[in-house]
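Values reported hereafter were calculated over all heavy atoms of this structure, with side chains retained and with hydrogens, waters and symmetry mates removed. All of these numbers come straight from a predicted model, not from anything done at the bench.
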Amino acid sequence: MAIVEFDMSGAAAFVGKDAVESLKQEIAEASVKLKEKTGEGNDFLGWYDLPLCGDEEYKRVLAAAEKIRSDSEVLVVVGIGGSYLGARAVIEALTDPFANANALSGKGGTAVIFAGNSISPVYLKSVLDLVKDRDFSVNVISKSGTTTEPAVTFRFFKELLEKKYGREGAAKRIYATTDKARGALKKMADAEGYETFVIPDDVGGRFSVLTPVGLLPIAVAGIDTDALVEGAKTAFGEYESIDNDCYAYAASRTALLRSGKKVELLVNYEPGLHYMTEWWKQLYGESEGKDGKGLFPAGCDFTTDLHSMGQYIQDGVRLMFETAIEVREPAADLIIEPDEDNYDGLNYLAGRGMDYVNKQAAKGTAMAHIDGGVPNLKISIERLDAKSIGGLIYFFERACAISGYMLGVNPFNQPGVEAYKKNMFRLLGKPV
């Protein structure tokens, strides 16, 4: 059984196997570009075989995580985009949804809080108020150190740490994940004596979750990072031939795009996967959305969003297809007990597990949406554990690179991201 399995049968009525099979040559060409590093953006392919790499930096990450867990009630992760989405996706998928609340109430562990991903003073003040009377550390993540959102946020936390612990004490609680040699954050870290970790030159932010960018906060959250990396290694090995589920996913979404679909809706039936969707949206949005091309990546949490977006998905403009993530074995289950009065009429479910109900809801939803003209793809993992999530991360990264090359774009740049910054800097009066 593959670590991540893919099923396109729910799209067969819209794009047959022949349409996907016809893309094999394009898949092969894209695969060669990745392996031989001959395609556009080939200087950002460090993630491709990163799961096979192990070094002293990884050991330092684990040591730092252990120190933070021993001396801090809270770790504040300051970063935006790929500097936080991957870590948050993994942490929310693999920890108790109330882990932070438990940690903050003294029940064990270190709370991992994210900041620097907006410019909201309301949110920032709330985080500052949360940590001011607690022992805390900061992991600031930025290649340049000048990205507005994390840079402004870090100023406030640096000031608070220095007031609380003194300049030297603060330096022992600040961990900078940044460029290995240059940039404002690297310069500050060297001057102040912060422990630093490297964002590899050849790994873009949205592909960086399996580098120190993601691994330090993930380890602080108590997640088995060895298993996470092992899952990615397993996926790497499974995708060395052309015929694999990862490339079948890339081919299927490409065929659906060429058939006229404009939106890919990633859906899940586990609330813990919400931020996996957010990470996936950045991965595919920044990688494919250029030159007037690409599917629009959107997401829904089912069954919750069936009560808000379900009507449009079922009966709205036929511009989308769904890719559902299935978790075969739940981390926990609850049995529905019979009730003597049966006011809610649910005794027909007595003796059934909640997971059974959830999975029937998933099947029923897929059937309804297919009947309504929405093709359905399905990606399955065995369970929500570190190894499976590591495999899923690598599955999406590899498929993204392949489908990007098939689309005819450079999957590893993001030229459009700079447009809003230019206007914002002009309006703020930033010196040229």
Does L377 reach the side chain of E322, with side-chain heavy atoms less than 4.5 Å apart? no

Under 4.5 Å between any side-chain heavy atoms of R206 and W47, yes or no? no

Please confirm whether the backbone N or O of A89 pairs with a side-chain atom of E278, one donor and one acceptor, at under 3.5 Å? no

Testing the basics here: between C400 and L283, what is the closest heavy-atom pair and its distance to 0.1 Å? SG-O, 3.7 Å

Which distance, rounded to the nearest 0.5 Å, do you find between the CG of D71 and the OG of S137? 5.0 Å

Closest non-hydrogen atom pair, I223 against A386: CG2-CB, 4.3 Å

State the CD1-CZ distance between I313 and R318, to the nearest 0.5 angstrom. 9.0 Å

Looking at G353 and I335, what are the two nearest heavy atoms and their distance? CA-CD1, 3.8 Å

For residues 91-111, pull every pair meeting salt bridge (Lys or Arg N to Asp or Glu O under 4.0 Å), keeping only residues two or more places apart or in separate chains. R88-E92

Just wondering, do L160 and F136 contact through their side chains at under 4.5 Å, heavy atoms? yes

d(T323 OG1, L266 CG) to nearest 0.5 Å is 6.5 Å

With rounding to the nearest 0.5 angstrom, report the CD1 to CG distance, I389 to L94. 5.0 Å

Flag the pair K163 and E159 as a salt bridge only when some basic side-chain nitrogen lies within less than 4.0 angstrom of an acidic carboxylate oxygen. yes

Do you know which of E26, E288, R258 makes side-chain contact (heavy atoms from CB on, under 4.5 Å) with L407? E288

Are D179 and K186 close enough for a salt bridge, meaning some N to O gap below 4.0 Å? no

Can the positive tip of R253 be found less than 6.0 Å from the middle of the six-membered ring of Y249, inside 45° of the ring normal? yes

For the residue pair H369 and F302, does the interplanar ring angle fall in the parallel (under 30°), tilted (30 to 60°) or perpendicular (over 60°) class? perpendicular

Ring of Y165, cation from R173 - is the NZ or CZ under 6.0 Å from the centre and inside 45° of the axis? yes

D385 bridged to K387 by N-O distance under 4.0 Å: no

Test item: V76 and L130 side chains (from C-beta on) under 4.5 Å apart, heavy atoms: no

Taking atom CZ of F98 as the centre, report whether more than 12 heavy atoms of other residues, nucleotides or ligands fall under 6.0 Å from it. no

Using 0.5 Å steps for rounding, measure from the CZ atom of F114 to the CG atom of N100. 8.5 Å

Other residues, nucleotides and ligands only: do more than 12 of their heavy atoms fall within 6.0 Å of NZ on K262? no

Taking the basic N atoms (NZ, or NE/NH1/NH2) and the acidic carboxylate oxygens, is any pair closer than 4.0 Å for R328 and E5? yes

Determine whether the aromatic ring centres of Y48 and F236 lie less than 6.0 Å apart. yes

Looking only at heavy atoms, which two atoms of S118 and T153 are closest? And how far apart? O-OG1, 4.4 Å

Charged N-O contact under 4.0 Å between R60 and E195: yes

Closest non-hydrogen atom pair between N244 and E238, with its separation: CB-O, 3.6 Å

Is there a salt bridge (Lys or Arg N to Asp or Glu O under 4.0 Å) between R167 and E192? Walk through the geometry before answering. CA-CA 8 Å; R167 192 164 178 174; E192 299 290 339; 2.5 Å; yes

Test side-chain contact (heavy atoms from CB on, under 4.5 Å) applied to T177 and V77, L185, I199, the passing residue: I199

Below 4.5 Å, heavy atoms only, C-beta onward: do K233 and Y394 meet side chain to side chain? no

Return the minimal non-hydrogen interatomic distance between R134 and K164, and the atom names on each side. O-CE, 2.9 Å

Is there a side-chain contact between T225 and Y58 (heavy atoms, below 4.5 Å)? yes

Can you confirm whether more than 12 heavy atoms, excluding those of K67, are under 6.0 Å from its NZ atom? yes

Would you check if the distance from the ring center of F207 to the ring center of F412 is below 6.0 Å? yes

Between the CD1 atom in I141 and the OG atom in S83, the distance rounded to the nearest 0.5 Å is 5.5 Å

What do you reckon, is CG of L334 surrounded by more than 12 foreign heavy atoms closer than 6.0 Å? no

Ring centers of Y275, W279 separated by less than 6.0 Å: no

Show the atom names and distances, to 0.1 Å, of all donor-acceptor pairs under 3.5 Å that link a side chain in residues 27-43 to residues at least two apart or in another chain.
from	atom 1	to	atom 2	distance (Å)
E29	OE2	Q25	NE2	3.2
K35	NZ	E240	O	3.0
N42	ND2	G39	O	2.7

Output yes when a side-chain donor or acceptor of R398 lies under 3.5 Å from a complementary backbone atom of Y239, and no otherwise. yes

Does a side-chain heavy-atom distance below 4.5 Å link L215 with T211? no

Any heavy-atom pair between the side chains of L319 and K261 that's under 4.5 Å? no

Heavy-atom count around M354 CE within 6.0 Å, excluding the residue itself: above 12? no

